[in-house]
Amino acid sequence: YKRNHTARIFLPHLVASMEEVEETYIMIKPDGVQRGLVGEIISRFEKKGFKLTGLKLFQCPKELAEEHYKDLKSKSFFPKLIDYITSGPVVCMAWEGIGVVASARKLIGATNPLNAEPGTIRGDLAVQTGRNVVHGSDSPENGKREIALWFKEGELSSWTPVQEPWLTE
Ligand code: ADP
């Protein structure tokens, strides 16, 4: 593939990081669960070719929501955000794949659904920032941090999908 080949010659460090197997924490927020969008949202990550390694329906306690969103503590919308995330069950997921962190963010779309492109989850399924149906980690470091925060040991599975040789070279 020509573009990759060029990048390999001039930017080997960039290609290496692009091809890194990563993990990300994806969460269907309470509005996504209530609106019956669980299957639709999981399906988008499945069809893309990522590997599901953790999955549960979970009623999030306030303390966990506050820890998860601790970087937003100073924002005026923080109390509203915590109420929203704890307002009903969420679907917690761990997904693994090459470049999965940035790729999942692209599939999810912009934070404000008004700016999210059609074809993205928020672009297709959401209207407002405060009800944007899904969360995705914003860096590989946060992917690891959030998976460790939301899942207990023994809740994650390491497995090899039969389609793997057809998805990666
Ligand atoms: P993202 O979820 O796209 O990474 P942020 O990390 O900036 O976005 O914000 C986390 C979440 O906080 C958003 O997904 C959204 O649910 C909520 N949020 C962000 N900004 C606002 C806002 N201005 N009003 C209400 N909720 C907000």
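Count residues from 1 along the sequence. As the structure lists them, so they are numbered: ligands from 1, and atoms in each ligand from 1. Just so it is clear, the model here is predicted, and its values are computed rather than measured.
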### Query
What do you reckon, does Arg122 put a non-hydrogen atom under 4.0 Å from ligand 1?
yes
### Query
Has ligand 1 got any nitrogen or oxygen that is less than 3.5 angstrom from a nitrogen or oxygen of Arg105?
yes
### Task
For atom 16 (O) of ligand 1, state which one of Lys29, Lys75, Met27 supplies the nearest heavy atom.
Lys29
### Message
So does Val134 get a backbone contact from the side chain of Arg122, meaning a donor-acceptor N/O pair under 3.5 Å?
### Response
yes
### Query
Side chains of Ile108 and Phe45: does their closest heavy-atom pair fall under 4.5 Å?
yes
### Task
Tell me which one of Thr111, Asp71, Val133, Val134 gets a heavy atom nearest to atom 5 (P) of ligand 1.
Thr111
### Task
Report yes or no: does Glu22 contribute a side-chain atom to a donor-acceptor pair with the main-chain N or O of Val100 at less than 3.5 Å?
yes
### Query
So, is the end of the Lys56 side chain (NZ or CZ) under 6.0 Å from the ring centre of Phe151 and within 45° of the ring's axis?
yes
### Task
Give the residue, atom name and distance (to 0.1 Å) of the protein heavy atom nearest atom 18 (N) of ligand 1.
Phe77 CE1, 3.5 Å
### Task
Tell me, please: is Asp138 in heavy-atom contact with ligand 1, that is, under 4.0 Å?
no
### Message
Keeping Asp124 on the side-chain end and Pro118 on the backbone end, is there a donor-acceptor pair under 3.5 Å?
### Response
no
### Message
I need the Lys47 NZ to Leu107 CG distance, nearest 0.5 Å.
### Response
11.5 Å
### Task
Mind checking whether Arg131 contacts ligand 1 via backbone (N, CA, C, O), side chain (CB onward), both or neither, at a 4.0 Å heavy-atom cut-off?
neither
### Task
Look at ligand 1 and say whether Gln128 reaches it with a heavy atom at a distance under 4.0 Å.
no
### Message
Quick check on contacts: which atoms of ligand 1 are under 4.0 angstrom from a heavy atom of Thr129?
### Response
15 (C), 16 (O), 18 (N), 19 (C), 20 (N), 21 (C), 22 (C), 27 (C)
### Message
Checking the side chain of Glu96 only, and the main-chain atoms of Leu52 only, is there a donor and an acceptor separated by less than 3.5 Å?
### Response
no
### Query
When you measure from atom 10 (C) of ligand 1 to every protein heavy atom, which one gives the shortest distance, and what is it?
Leu72 CD1, 3.5 Å
### Task
Could you list which atoms of ligand 1 come closer than 4.0 Å to a heavy atom of Asn132?
13 (C), 14 (O), 15 (C), 16 (O)
## Note on the structure
Counting from 1 in the order shown, the ligand 1 atoms closer than 4.0 Å to a non-hydrogen atom of Leu81 are 12 (O), 16 (O), 17 (C)
### Query
Within the side chain of Ser137, is there an N or O that forms a donor-acceptor pair under 3.5 Å with the backbone of Tyr25?
yes
